Structure formats: C-alpha cells, structure tokens
Amino acid sequence: MPIRNAIWTVGSTPRQLIEGRLPSERALEDMIVASPRILSDEWMLIGRQERTASGGFIDLLAVAPDGALVLIELKRDRTPREVVAQAIDYAVWVEELEAQDIDAIYRRFSSGRDLAADFQARFGQPLDEETLNESHQIVIVAASLDDSSERIVAYLNKRDIAINVLCFQVFDHGDQQLLSRAWLLDPVHTQVSAAAAPKARGLRESEPWNGEFYASFGLGNDRRSWEEARRYGFISAGGGSWYSNTLNLLNVGDRIWVKSPGHGFVGMGEVTGRPQPSVEFQVTTPEGQRPALDVLTEGNYHRAVADDPERSEYFVPVRWIHTVPLEQAVNEIGLFGNQNTVCKPTTPKWRTTVERLKERWPETA
C-alpha cells in the first residue's frame, strides 16, 4: 500500500501537523547533499547530476562500505512509473563504470578530492578497486508512490533486482518544516540483493546458493576480539545499521564460514540463536551466564553507543565446529571475500572457497 505518515504533537491536547511541501525537489536534493544522513548513515555521496552516455543526468550517486554503488533518482515532475524506468536505464550505464570512471566522477563532485583517501577516512578501511562497483542498487526518492509502481518495484525485488523507494513527507510546524522518511521495503533486503547480484557484463558468474553463509568479522581499531569470539561463541557487528542488519539473515541451525578482513578465514560454526543487542547478549562463563559487556574486555564493541539501536553492537551466538587463531587464518589467492557482515554468495568462487576450506579443516565437511 502507498506509504503515508501522520505526525502529532505530544501533550495533553495532541495536535496533528498539517502536511506541507518543499519549494522544489531541487531543495530536497540540496538538503541531501548538505546532510547525506537524510538518506542513510552508511553511504558516501560521490556524484551529483552526472551525465550518462545516453544524455540523461543521474541525480545523485553514492558508494556503500563494500564498494557497491547506489544510484539515487528523485521523482521530480515525472510519474512514479516514469522515474522507475528512467532509473533502470541509468543503472545500465552505472553498471559499466570502471574504477577510473568513478574516481573521475568523485573528483568533479568534490572539487578534486581523492576518492581512495576519502573512502578510507569515511569507512575506516581501504577502497578495493577489485570490488568497487561489483554490484549496485537503485533508490527512488519520491513524496508518494502509486500502486502500479509499488507492484513493479516488488516484482523486481522478488527477482533480486536491488531497487527500493524512499518516501519523504514534509509537515508544517509553526514557522518550521519537518521532514519524515519511510522505506517501501526493508533496506537490508536491497543491500543483500545488491551484494548477491552478478554483473550482467559477465565479470561474475552466478549459480544456486549452496545454503551456507559467509560472515565477515572485522577487528578495526580494537572494535572486537576474535579470540573472545572463539572463547565465548559468537560473531558480532555494529557501528551502523549497514553493518549489523545483515546479521538478521541468520537463523538457528545455519552454517557460517567466518573471515576476518586482512587476515583470512578463521572459523566455521553453527548459529544457535537470533541476533541480540549488546545490552541483552549474555555469554557463558565458569560462574554461569553473565552480560557480555561485563565479560568482554579485549574489544570496545561500540560500548559508547550501546543504547542506540541503530549504532550498537549486535551479537549472534555460534557453536564453533572449527576455529583457528588469526595467525593461522586461511588466506589463499582466489578465496571469496565481501565487506557485508553476512551474505549468501551465489558465485562459483564461493563454492570453491567452501570446498577448499573443507579440505583444510576436515572436521567441517
């Protein structure tokens, strides 16, 4: 159904705010450029009004922490169905962009700044040109969406085309205006679809998912400790919904192969519970069950934002079948890797990676 919000003031006599409007969608675009968090905390804007090969202009272009591009199209004066078709047409062009093309786009957008350096500063990890634009997603920004366009977007998502709609509404409140937003679909589904989608130009082949998950366990800046994860049985992620949301793909009984970026594959195990925020997660100690944040001392686990559900650390309990210390990590050329915390790989590289790991760790076969 179409997304519509209503807002009331809080008090003994609540008052419903009247829906208003911005002077133009250009004003919304200006606001997004000034404060990209209006769209997402997890994206970095890299382009604006970029001309495509067909002569059109992409409203905004962003990059996610895994190097996936995000094509953002504002509805403007087009019908919702027209903007969906236009965005898909632009996505054909985006898919063909190489690393040097993307760097040139960013230099035009940022008045000459270096993309690799700014990506490192923004996400705390180096930009890997090998995976830059390995996938992409489409985001339509609109004040409303008609039933037909909603059906089109839902149809494409069922077939793992990474497209979503972000609906904005403006409300008048005295001499101020308030902006609200709502996603048509769960953003984690779009993120996962983008990560799994093969490139149409043939750089990535696709095959049926083998039923086993890939998990990334990042250590950067002492955020978390792999030795504690081995000892107490968990994986975790946090610092933003982009990192923690994909943990929700996991259910009890799922098998996960864990890689620590910069080191290699370090373990394989079976999920024993659903994701839990750090303030609720408990670990087993010789003294019994205790709060994780009272026991874990070798990483900060985003303690400073533990009460913020968008940024806090989330934990998934795991029964380890095999683990190794970081210095024994399996890090061979050609093994699968991905910046998403959890994903369902559908590339031949994933199958061969699992086969190779089972050879190295026979107890996981």
Side-chain angles (χ1 to χ4, degrees), residues 188 192 210-331 338-344 354 357-358 360-365:
V188 69
V192 170
N210 66 0
E212 298 184 304
F213 288 87
Y214 167 91
S216 175
F217 191 87
L219 307 175
N221 299 323
D222 297 321
R223 292 192 185 101
R224 53 192 67 87
S225 162
W226 171 240
E227 286 307 309
E228 288 186 324
R230 296 175 69 200
R231 187 182 315 141
Y232 295 110
F234 67 82
I235 60 171
S236 68
S241 58
W242 191 93
Y243 300 98
S244 59
N245 270 347
T246 53
L247 291 173
N248 290 302
L249 293 173
L250 299 174
N251 290 292
V252 174
D254 288 335
R255 286 163 59 96
I256 58 171
W257 298 86
V258 181
K259 183 177 185 179
S260 179
H263 298 276
F265 282 90
V266 289
M268 182 269 180
E270 181 180 289
V271 174
T272 60
R274 293 285 295 160
Q276 299 175 46
S278 59
V279 294
E280 298 178 10
F281 187 65
Q282 297 196 343
V283 296
T284 301
T285 72
E287 295 76 34
Q289 292 287 102
R290 292 187 57 198
L293 292 184
D294 290 348
V295 176
L296 305 178
T297 60
E298 297 175 16
N300 63 55
Y301 299 95
H302 291 99
R303 280 177 169 81
V305 291
D307 294 325
D308 182 344
E310 290 292 319
R311 301 171 61 200
S312 70
E313 191 85 359
Y314 284 79
F315 291 78
V316 173
V318 176
R319 179 182 67 83
W320 294 117
I321 296 172
H322 184 82
T323 64
V324 296
L326 291 175
E327 57 269 22
Q328 297 177 23
V330 178
N331 191 26
N338 192 281
Q339 293 288 1
N340 284 270
T341 301
V342 174
C343 67
K344 300 161 59 175
V354 171
L357 291 173
K358 287 179 178 179
R360 294 288 297 269
W361 303 334
E363 57 270 49
T364 65

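Predicted, not measured: the structure shown is a model, and the values here were computed from it.
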For R303, the salt bridge (charged side-chain N to carboxylate O under 4.0 Å, His left out) test, sequence neighbours excluded, returns none

_So S260 and L326, do their side chains get closer than 4.5 Å, heavy atoms only?_
yes

Just wondering, are more than 12 heavy atoms of other shown residues or ligands nearer than 6.0 Å to CZ in R311? no

| message | Between T323 and W226, is there a side-chain heavy-atom distance shorter than 4.5 Å? | response | yes

In this structure, CG of N300 is separated from CG of L293 (nearest 0.5 Å) by 10.0 Å

- request: Please examine the side chains of F217 and H263, heavy atoms only from C-beta on, and report whether any two atoms are closer than 4.5 Å.
  value: no

Output for pair (K358 NZ, M268 CE), nearest 0.5 Å, gives 7.0 Å

Check: Y314 side chain, P309 main-chain N or O, donor-acceptor pair, under 3.5 Å = yes

Measure the shortest side-chain to side-chain distance between N340 and Y214 over non-hydrogen atoms and say whether it is less than 4.5 angstrom.
-> no

For A292 and V283, the nearest pair of non-hydrogen atoms, with its separation, is CB-CG1, 4.1 Å

Residues at least two apart in sequence or cross-chain that pass ring-ring contact (aromatic ring centres under 6.0 Å, His included) with F213, listed by chain then number, are W209

Tightest non-hydrogen contact, residues L249 and V342, listed as CD1-O, 3.9 Å

Is W257 close to W361 at the side-chain level, that is, under 4.5 Å between some pair of heavy atoms? yes

Between S312 and A306 the two heavy atoms that sit nearest each other are CB-O, 3.6 Å

Within the structure provided, determine whether S216 and P261 are in side-chain contact (heavy-atom separation under 4.5 Å). yes

Here the salt bridge (charged side-chain N to carboxylate O under 4.0 Å, His left out) pairs for residues 255-283, sequence neighbours left out, are E212-R255, E270-R319

Residues 214-238 vs salt bridge (charged side-chain N to carboxylate O under 4.0 Å, His left out), sequence neighbours excluded, gives R224-E313, E227-R230, R231-E298

The side-chain contact (heavy atoms from CB on, under 4.5 Å) partner of T364 among V354, I321, L357 is I321

By ring-ring contact (aromatic ring centres under 6.0 Å, His included), F234 pairs with (sequence neighbours left out) F315

* Asked: Are side-chain heavy atoms of L296 and S225 found at a separation under 4.5 Å?
  -> no

Counting neighbours of CG on D307 that are heavy atoms of other residues, nucleotides or ligands and sit closer than 6.0 Å, is the number greater than 12? no

Side chains of T284 and Q289, heavy atoms from C-beta outward: is any pair under 4.5 Å?
yes

In short, G238 meets Y243 closest at the heavy-atom pair O-CB, 3.7 Å

Between V318 and I235, the two heavy atoms sitting closest are CG2-N, 4.1 Å

For V316 and G273 the tightest heavy-atom approach is CG1-O, 3.7 Å

Salt bridge (charged side-chain N to carboxylate O under 4.0 Å, His left out) pairs touching residues 236-254, sequence neighbours excluded, are none

